[in-house]
Novice: 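My questions all concern the structure below.
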Amino acid sequence: KNIMIKAYEKYGINDNLKVSEKIKENALIDCYNISEEELDEIVKELSIDRNQLKEILERTLPSVGTRKGFSFIVFSCAIKKDDKWDIGTIKIIIRGRYILVFRDEEIEALNDFFYNKIKDFDTRKKVRLTIQILGNIVEYFTIYVEEIGKKKEILEKELFKTHEALIIQELIDMSETLLKFEDGLIGNLKVFREILKGKYLKIYESDRIYIEELDIDLEEAKDLVDLHLRTLVNIIGAHTSVLSNNLGEIVKVLTSLTVILMLPALLSSYYGMNVKLPLQNSNFAFSFLIIVSLLLSFTAFLIFRKYKWI
């Protein structure tokens, strides 16, 4: 079985990132899709209540708070897999010299720390590191929303050329993703504002300034999501109107053709009756019927043409 608990140690920009496979103090402990046995190991090492920890790990909505001996943050994050975007959740637990991050999927915003893409962080400074992680998550929201925006523009151009249902479905999926992003960002904003109160985490003045900047970034990310969401709704609505109009035109043409073809059939059906009819003994009856049928059809064609049904 792969080890799902890893500890990352780094004491500033000039220090090398050290990785180990055990729970350590003054390290960022990554708990990725852990088992019940590994959860028991964490509970024992940190001396915390298992039920309280389990309840937090089962949460899906952003929140912040304290439990006996530790603080926690539940935060929504944007994720990307197989060129599809979705929403995920991380849980951060802070207890004394320990900081743990629980997750169930790959999150690029966290991988930046684990793979040393972000170099300026100190795992001894728990609150500052927590804020840096949350800040990087906010940044990835913006990155992914911009990616969605670019793909939306490409699909929009293709849509009005081909009118393919698959493109419409993809646009609908993108709008659903943006709705999830919007809900996640709204929840994250509430978390940031609770953190700023200093009730759950000890906030220093430098941290407060950074959080306020991130709060602005979150608002901007939310506004960007709203902008792309409105655009998507307008695109889908416009395309639906075009399809509805096209369908209406097709129905008009089919109705017109039905009436034009029905008139000769109607006339001929009368002469199929076993009763006395005009011209039934005439040698010109058939020619008469053909001429009258053509005249009726042509008249109907002219009427429908006048009203632009065909």
Side-chain angles (χ1 to χ4, degrees), residues 8-17 25-30 56 59 61-67 69-79 87-103 107-146 181-227:
Y8 297 85
E9 285 180 278
K10 186 174 172 66
Y11 301 154
I13 191 169
N14 296 319
D15 190 28
N16 294 323
L17 182 67
E25 292 182 341
N26 293 323
L28 176 58
I29 302 165
D30 176 33
I56 291 164
R59 295 190 181 196
L61 298 177
S63 57
V64 58
T66 57
R67 292 292 183 267
F70 67 92
S71 301
F72 71 87
I73 297 172
V74 181
F75 209 70
S76 292
C77 52
I79 58 176
I87 199 84
T89 309
I90 68 163
K91 293 90 178 180
I92 300 175
I93 303 294
I94 302 172
R95 174 172 171 78
R97 295 182 179 180
Y98 294 98
I99 176 169
L100 301 91
V101 178
F102 294 84
R103 61 193 175 100
I107 299 171
E108 282 191 73
L110 287 175
N111 288 341
D112 285 353
F113 293 90
F114 301 150
Y115 299 142
N116 212 26
K117 291 181 181 178
I118 293 176
K119 300 185 182 298
D120 188 11
F121 67 94
D122 191 329
T123 53
R124 295 170 298 183
K125 299 177 179 179
K126 304 296 181 291
V127 174
R128 181 67 178 186
L129 178 57
T130 299
I131 296 169
Q132 281 183 283
I133 291 171
L134 300 184
N136 208 43
I137 289 171
V138 173
E139 186 175 341
Y140 270 95
F141 264 110
T142 303
I143 290 170
Y144 290 155
V145 171
E146 288 175 349
F181 279 14
E182 185 177 45
D183 290 341
L185 287 167
I186 290 171
N188 289 349
L189 270 169
K190 293 177 181 177
V191 168
F192 265 126
R193 285 162 189 177
E194 286 297 317
I195 292 174
L196 270 172
K197 294 177 182 178
K199 182 179 177 181
Y200 303 110
L201 296 174
K202 186 177 180 181
I203 305 297
Y204 298 96
E205 190 58 34
S206 60
D207 295 331
R208 182 177 299 278
I209 294 170
Y210 186 35
I211 294 172
E212 288 172 351
E213 290 173 353
L214 290 177
D215 187 273
I216 295 170
D217 291 342
L218 259 174
E219 286 281 8
E220 290 175 351
K222 181 179 172 297
D223 291 342
L224 189 61
V225 169
D226 290 339
L227 174 64

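Counting from 1, the numbers follow the sequence of the chain as shown. Just so you know, these numbers use all the heavy atoms, side chains as well, and skip hydrogens, waters and symmetry mates.
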Novice: Under the side-chain contact (heavy atoms from CB on, under 4.5 Å) test, which residues partner K91, sequence neighbours left out?
Specialist: I56, L57, V74, T89, F102
Novice: Show your working on side-chain contact (heavy atoms from CB on, under 4.5 Å) between I87 and I79 and close with a plain yes or no.
Specialist: CA-CA 6 Å; I87 199 84; I79 58 176; over 6 Å; no
Novice: Got a second to check how far L218's CG is from L185's CG, nearest 0.5 Å?
Specialist: 6.0 Å
Novice: Can you sort out the partners of D15 under salt bridge (Lys or Arg N to Asp or Glu O under 4.0 Å), two or more places apart, ordered by chain and number?
Specialist: K18
Novice: Go through the structure and list residues passing side-chain contact (heavy atoms from CB on, under 4.5 Å) with A109, not counting sequence neighbours.
Specialist: I107, N136, I137, Y140
Novice: Do the side chain of Q132 and the main chain of D120 share a donor and acceptor less than 3.5 angstrom apart?
Specialist: yes
Novice: Which residue pairs satisfy the ring pair (Phe, Tyr, Trp, His ring centres under 6.0 Å) criterion with at least one member in residues 111-132, sequence neighbours excluded?
Specialist: Y8-F114, F113-F121
Novice: Verify salt bridge (Lys or Arg N to Asp or Glu O under 4.0 Å) between D30 and R103, making sure each step is shown before the conclusion.
Specialist: CA-CA 8 Å; D30 176 33; R103 61 193 175 100; 2.7 Å; yes
Novice: If I take atom OH from residue Y204 and atom CG from residue D207, how far apart are they, to the nearest 0.5 angstrom?
Specialist: 8.0 Å
Novice: Is the shortest side-chain heavy-atom distance between T142 and D217 below 4.5 Å?
Specialist: no
Novice: Can you confirm whether D122 sits close enough to L129 that some side-chain heavy atom of one is under 4.5 Å from a side-chain heavy atom of the other?
Specialist: no
Novice: Does some side-chain heavy atom of L134 sit less than 4.5 Å from a side-chain heavy atom of I92?
Specialist: yes
Novice: Just verifying a value: how many Å separate K222 NZ and L227 CG, rounded to the nearest 0.5 Å?
Specialist: 12.0 Å
Novice: Can Y98 and I29 be said to form a side-chain contact (heavy atoms from CB on, under 4.5 Å), step by step?
Specialist: CA-CA 8 Å; Y98 294 98; I29 302 165; 4.0 Å; yes
Novice: Looking only at heavy atoms, which two atoms of P62 and S76 are closest? And how far apart?
Specialist: CG-OG, 3.3 Å
Novice: Just by distance, no angles: are the side chains of E139 and Y144 close enough, under 3.5 Å, to form a donor-acceptor pair?
Specialist: no
Novice: Taking the side chain as every heavy atom from C-beta outward, state whether V127 and I131 have any atom pair closer than 4.5 Å.
Specialist: yes
Novice: Could you tell me if the side chain of I186 sits less than 4.5 Å from the side chain of K190, heavy atoms only?
Specialist: yes
Novice: Using the side-chain hydrogen bond (donor to acceptor under 3.5 Å, both in side chains) definition, which of the options K10, K126, K125 pairs with N26?
Specialist: K126
Novice: Could you tell me which residues satisfy salt bridge (Lys or Arg N to Asp or Glu O under 4.0 Å) with E9, sequence neighbours excluded, listed by chain and number?
Specialist: K24
Novice: Just list the side-chain donor-acceptor pairs under 3.5 Å for residues 208-215, sequence neighbours left out, or say none.
Specialist:
{"unit_1": "R208", "atom_1": "NH1", "unit_2": "L196", "atom_2": "O", "d": "2.8"}
{"unit_1": "D215", "atom_1": "OD1", "unit_2": "R193", "atom_2": "NH2", "d": "3.2"}
{"unit_1": "D215", "atom_1": "OD2", "unit_2": "R193", "atom_2": "NE", "d": "3.0"}

Novice: Quick one: does T123's side chain get under 4.5 Å of Y11's, heavy atoms only?
Specialist: yes
Novice: Nearest 0.5 Å please: distance from the CG atom of L28 over to the OG1 atom of T130.
Specialist: 8.5 Å
Novice: For N188 and V138: C-alpha separation, side-chain torsions, deciding distance, then whether side-chain contact (heavy atoms from CB on, under 4.5 Å) applies.
Specialist: CA-CA 9 Å; N188 289 349; V138 173; 5.7 Å; no
Novice: Could you go through K197 and E194, starting from their C-alpha distance and side-chain angles, then the distance that decides it, and tell me whether this counts as salt bridge (Lys or Arg N to Asp or Glu O under 4.0 Å)?
Specialist: CA-CA 5 Å; K197 294 177 182 178; E194 286 297 317; 2.9 Å; yes
Novice: If we only count heavy atoms from C-beta on, is the S63 to F72 side-chain gap below 4.5 Å?
Specialist: yes
Novice: Looking only at atom types and distance, does a side-chain atom of T66 sit under 3.5 Å from a main-chain N or O of S71, one as donor and one as acceptor?
Specialist: no
Novice: Do L201 and I73 have side chains that get closer than 4.5 Å, going by heavy atoms?
Specialist: yes
